[in-house]
Each structure stands twice: as structure tokens, then as C-alpha cells.
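Residue numbers run from 1 in the order of the sequence given.
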Amino acid sequence: MLGKVIRHITAIAFLAMTISSCSEYQAILKSNDKELWYKKGMEYFNSGDFLRAANLLGPLVTPYTNSSKGDTIVMTYAKSLMLIGDYYSASHYFQNYVKTYPSSENCEECQFLCGKCFYEMSPKILLDQTYTENAINEFQTFINIYPSSDKVAEAETLMKEMQDKLAYKSYLTAKLYFDLGDYMGNNYRSAVIVAQNCLKKYPDTKHREELSFLILEAKYMQAEKSVESKMEDRYRDTVDEYYTFVKEFPESEHRKDADRFFKKAQRFLE
């Protein structure tokens, strides 16, 4: 019984505090006191109320740009936006901070957080990957400008993750061409080109083995499906690709299929 009473009293007290807090916040919003907005906005941010902090600090960004508080307002506003999940707007203000206050010691953090915003916006693999590319670019810029930063390792890790994502998307595109085969054209050649371009752009991708095997398999199938006049050259190309593949991946799970392609090509060339 006593426990229920205590919980009831606690609930009432919490409700009263919430109502009081809402009344105070509404009163601040209705006022035209910009200094009060700044003061309370910073207080809300420091207490973890990022939505209210953003609502109060946002309108101050432009009028305070050239003031002594300008950089603090932009930085805090951008962080507030990021912490409430508005990554797109946050990235804009982090970029704006770097451009507006290039000599500030906070530029390093802003550049890194800008990359994090685009990283958070990176979509599912089948969707447009513009934000993924933006994340890579922002992290690379960060690494180039601040090579001694203690955030470089994290930036490299996140950038590598995004690069692998793009590499896998390229792999799926190449696989789609492969699956189309010789339907309405030589799609095996397209599969090879996409996979090779991906490996040139992302040579250290964790999908390197899959891409390399796809190139070998596509070249083999291209030889198999060729007109007789082109078979010899294409089977030779398959053999060359086989040696390249097994040299790099001698223990590959695809080794049995790779050996089969090689033996078939060798029989034709004998």
C-alpha cells in the first residue's frame, strides 16, 4: 500500500514538473528576448533536451553570425539537430560552420561530424547512394586536413564501411548483367567491365574475392557462348584470368568451379 502511495506521489510530482517546464518553455518562445533564447537554449542542450535547444537556437544563427556567440550557436544548433536525428540539416550547419569560422579549433570536430551525418543517412544498398558517397568524401577531407586527429582511425573505419557498401552495390550490378547472360546482347562483357571498374576504385574491398570470381566466371561464360571465331581468344583470356584468380585466392571456396573453367578452356586450346 505504501509503495502505491509513493508511486502515485512521484507521478504527480513528475507531471507537475512537466507542466511547469512546458509553461516556462512556451513563455520563452513567446518572448522577443534573444539573449534569453540563447541562455535557455544552451541550458536545454546541456541538460539533454536537444529538441528545445534546437528550437531556440535555430532562429539565432543568422542574427548572431558576426557576434562573439555566433560560432557557439551554430555548433550547438548543429549538434542538437544531429542528436534529434535531423542529419540532413545538421550536415548543412556543420559545413556552414567550417566555411564561416575556418580558424576555429572546432572545425576539426565539425568536419568529422559532418561525415557522421552523411554516414547515418546512408540508405539501404538498393537505393541511391549519394549520401554514402558524401560520407566518404567528408571523411576523406577530414583525414586530409587533420591527419593527426584522434578521430582518424574511426573516420577510416567508417569510410571503409561505406566503400565496401558501394563495392557490394557494384557487385550486385555486375551479377545482374551476368544473370542476363546473352539476352539482347553480350551482358557477360558488361559484367566484367562493372566488376573490373569496381576493383580499380576499391581495390581493398572485402568483396574483392567475389568480384574477382565473377570476372573469371563471366569470361568463361563469354567464351562458352561465343561464335567459333572468337572462342580461342576468349578461352585464352579465361585461362589468364584463372591464373590471376588462383594466385590471389588459392584457398577460395570457388576454387573447384575455377578449376573446372580452367580445365574446359585448356581442353579447347589443346
* Ignoring hydrogens and angles, state whether a donor on the side chain of Asn137 or Glu133 is under 3.5 Å from an acceptor on the partner side chain. => no
* Decide whether Leu158 and Tyr87 are clustered together by the hydrophobic rule: side chain heavy atoms of Ile, Leu, Val, Met, Phe, Trp, Tyr closer than 4.5 Å, transitively. => yes
* To do: Would you indicate whether the side-chain heavy atoms of Pro123 and Thr132 approach each other to under 4.5 Å?
  => yes
* Asked: Does the side chain of Gln111 come under 3.5 Å of the side chain of Thr141 through a donor N or O and an acceptor N or O?
  -> no
* Same cluster or not: are Tyr77 and Tyr88 linked, directly or through other Ile, Leu, Val, Met, Phe, Trp or Tyr residues, by side-chain heavy atoms under 4.5 angstrom apart? -> no
* Asked: Do the side chains of Tyr177 and Tyr183 join up, straight or via other hydrophobic residues, at under 4.5 Å, putting them in one cluster?
  -> no
* Asked: Can Leu199 be reached from Met159 by stepping across I, L, V, M, F, W or Y side chains whose heavy atoms are under 4.5 Å apart?
  -> no
* To the nearest 0.5 Å, tell me how far Asn32 CG sits from Trp37 CH2. => 7.0 Å
* Kindly work out whether a path of hydrophobic side-chain contacts (I/L/V/M/F/W/Y, heavy atoms less than 4.5 Å apart) joins Tyr93 to Met42. => yes
* Taking the six-membered ring for Trp and the full ring for Phe, Tyr or His, determine whether the centres of Phe213 and His254 are under 6.0 Å apart. => yes
* Structure fact -> To the nearest 0.5 Å, atom OG1 of Thr205 lies from atom CD of Glu210 at 10.5 Å
* Structure fact -> Closest non-hydrogen atoms of Met121 and Ser91, given as atom of the first, atom of the second and distance, are CE-OG, 4.2 Å
* Could you pull out the closest heavy-atom pair between Ile125 and Lys169, with the gap in Å? => O-NZ, 3.1 Å
* Decide yes or no for Phe112 and Phe139: does some side-chain heavy atom of the first lie under 4.5 Å from some side-chain heavy atom of the second? => yes
* Heavy-atom pair with the smallest gap, counting every atom of Asn187 and Gly181 -> CB-O, 2.9 Å
* Heavy-atom distance under 4.5 Å between the side chains of Lys79 and Glu109, does that happen here? -> yes
* Asked: Among side-chain atoms of Tyr101 and Asn106, is any donor-acceptor pair under 3.5 angstrom?
  -> no
* CA sep, side-chain torsions, deciding dist, call: Gln222, Lys230, side chain to side chain contact (heavy atoms under 4.5 Å, CB included) -> CA-CA 10 Å; Gln222 187 174 213; Lys230 295 183 178 181; over 6 Å; no
* Asked: How far does OH of Tyr119 sit from CD of Glu138, to the nearest 0.5 angstrom?
  -> 16.0 Å
* Any side-chain heavy atom of Ile136 within less than 4.5 Å of one from Leu166? -> yes
* side chain to side chain contact (heavy atoms under 4.5 Å, CB included) assessment of Phe249 paired with Arg208 -> CA-CA 10 Å; Phe249 306 104; Arg208 184 175 179 84; 4.0 Å; yes
* Structure fact -> When Arg234, Glu224, Glu217, Met221 are each screened for side-chain contact (heavy atoms from CB on, under 4.5 Å) with Tyr188, the one that passes is Met221
* Could you please spell out the steps behind the side chain to side chain contact (heavy atoms under 4.5 Å, CB included) verdict for Leu126 and Leu172? => CA-CA 9 Å; Leu126 296 179; Leu172 293 178; 4.1 Å; yes
* Nearest heavy-atom neighbours spanning Phe245 and Glu209 -> CE1-O, 3.8 Å
* To do: Taking the side chain as every heavy atom from C-beta outward, state whether Phe45 and Leu83 have any atom pair closer than 4.5 Å.
  => yes
* Is there a donor in the side chain of Asp49 and an acceptor in the side chain of Tyr25, or the other way round, less than 3.5 Å apart? -> no
* If we only count heavy atoms from C-beta on, is the Val152 to Tyr146 side-chain gap below 4.5 Å? -> no
* Go through the steps for Glu43 and Lys40 under the test side chain to side chain contact (heavy atoms under 4.5 Å, CB included), then give the verdict. => CA-CA 5 Å; Glu43 288 180 5; Lys40 299 304 293 186; 2.7 Å; yes
